[in-house]
Amino acid sequence: MNRSGSGSADEIKNGPSILIIDDEPDICRLLQLTLVRHGYQVTYVHALNEGMLHLRHQQPDLLFLDIHLPDGSGLDALPVIRQECPALPVITISAYDNGMEKQKALSAGATFFLPKPFSVKHVDELIGIIRH
């Protein structure tokens, strides 16, 4: 399922874009609500294959990538994403925050690691870092 962020026509046309690849609808909606407030156009998909197709056709300005997806591993996809979109900031997200997962994600090319559950404040802080 593909959902786009709501907002004024100017925000949608002119705002930077974010793609969220996560199989949890609640996480996608929380991120979407938070990121739209920052002026982003947000699209989310619930499968890795769908997300990879989206990346190939329309590269976003920022990617949120779940590590554990029903149709594949975000960790396994990171090297391909890095090769095809080398400058794209990637925030990996995972419910498994045992330190090892974070290290694997960062070693595979993630820009940041966001553990689930996360707060809106944490997302706001990450966006502030990425914008500067």
Side-chain angles (χ1 to χ4, degrees):
M1 182 176 285
N2 184 351
R3 304 278 185 205
S4 292
S6 61
S8 73
D10 290 340
E11 286 175 346
I12 291 174
K13 288 180 183 174
N14 297 325
S17 65
I18 292 179
L19 175 63
I20 301 166
I21 305 173
D22 194 300
D23 59 322
E24 295 182 54
D26 290 343
I27 294 290
C28 292
R29 283 190 292 274
L30 174 63
L31 283 170
Q32 179 184 37
L33 290 171
T34 303
L35 297 166
V36 165
R37 286 187 306 116
H38 289 279
Y40 286 99
Q41 174 188 351
V42 178
T43 302
Y44 59 82
V45 296
H46 300 303
L48 184 59
N49 288 333
E50 189 178 358
M52 294 301 287
L53 281 173
H54 190 280
L55 278 172
R56 289 186 179 108
H57 290 95
Q58 184 178 359
Q59 183 177 323
D61 297 297
L62 176 61
L63 172 65
F64 281 82
L65 176 65
D66 190 8
I67 291 178
H68 299 280
L69 293 156
D71 64 334
S73 164
L75 282 178
D76 292 343
L78 265 171
V80 175
I81 293 167
R82 280 281 152 245
Q83 186 174 4
E84 293 179 9
C85 312
L88 176 65
V90 179
I91 298 174
T92 52
I93 47 182
S94 177
Y96 303 96
D97 182 24
N98 59 12
M100 195 82 139
E101 188 102 329
K102 178 180 180 177
Q103 189 56 43
K104 285 180 184 177
L106 295 173
S107 295
T111 312
F112 295 100
F113 179 86
L114 183 63
K116 294 178 190 175
F118 53 82
S119 67
V120 170
K121 182 180 178 185
H122 196 172
V123 175
D124 288 341
E125 289 169 358
L126 279 177
I127 294 302
I129 292 168
I130 289 168
R131 285 192 163 167
H132 293 103

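FYI, side chains are in, hydrogens and waters are out, and symmetry mates aren't considered; it's all heavy atoms of this structure. Quick caveat: nothing in here was measured; it's all calculated off a predicted structure.
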Nearest heavy-atom neighbours spanning Ala105 and Thr92: CB-OG1, 3.4 Å
Closest heavy-atom pair and its distance - Ile21, Gly51: CD1-CA, 3.6 Å
Side chains of residues 57-66: which donor-acceptor partners sit under 3.5 Å, not counting sequence neighbours?
{"unit_1": "His57", "atom_1": "ND1", "unit_2": "Leu53", "atom_2": "O", "d": "2.8"}
{"unit_1": "Asp61", "atom_1": "OD2", "unit_2": "Ser17", "atom_2": "N", "d": "2.7"}
{"unit_1": "Asp66", "atom_1": "OD2", "unit_2": "Lys116", "atom_2": "NZ", "d": "3.4"}

Atom pair CZ (Arg29) and CG (Asp22), whose distance is rounded to the nearest 0.5 Å: 11.0 Å
Ring pair (Phe, Tyr, Trp, His ring centres under 6.0 Å): pairs with one or both residues in residues 107-132, sequence neighbours excluded: none
Residue list, side chain to side chain donor-acceptor pair (under 3.5 Å) with Asn49, at least two apart or on another chain: Asp71
Single-linkage hydrophobic cluster Val36~Val120, side-chain heavy atoms < 4.5 angstrom: yes
Joint hydrophobic cluster, Val90 plus Val80, side-chain heavy atoms closer than 4.5 Å: yes
Gap separating the CG atom of Leu55 from the CD1 atom of Ile81, nearest 0.5 angstrom: 5.5 Å
Pairs flagged by salt bridge (Lys or Arg N to Asp or Glu O under 4.0 Å) wherever residues 118-132 is involved - sequence neighbours left out: Arg37-Asp124
Ile67 reachable from Leu106 in the ILVMFWY side-chain graph, under 4.5 Å edges: no
Contacts of type ring pair (Phe, Tyr, Trp, His ring centres under 6.0 Å), residue His38, not counting sequence neighbours: none
Closest approach of Leu30 to Thr34 (non-hydrogen atoms, all atoms of both residues): O-OG1, 2.9 Å
Closest heavy-atom pair and its distance - Leu114, Val123: CD2-CG2, 4.1 Å
Atom pair CD/NZ of Glu101 and Lys104 - distance to nearest 0.5 Å: 6.5 Å
Residue pairs, two or more places apart or on separate chains, that pass salt bridge (Lys or Arg N to Asp or Glu O under 4.0 Å) and touch residues 72-94: Arg56-Glu84
Interatomic spacing from CG in Leu75 to NE2 in His68 - rounded to 0.5 Å: 6.5 Å
Which atom of His46 lies closest to which atom of Leu69, heavy atoms considered: O-CD2, 4.4 Å
Minimum heavy-atom distance Gly109-Leu78, with the two atoms named: C-CD2, 4.3 Å
Path from Leu31 to Ile130 over hydrophobic side-chain contacts below 4.5 Å: yes
ILVMFWY network linking Ile93 to Tyr96, side-chain heavy atoms under 4.5 angstrom: no
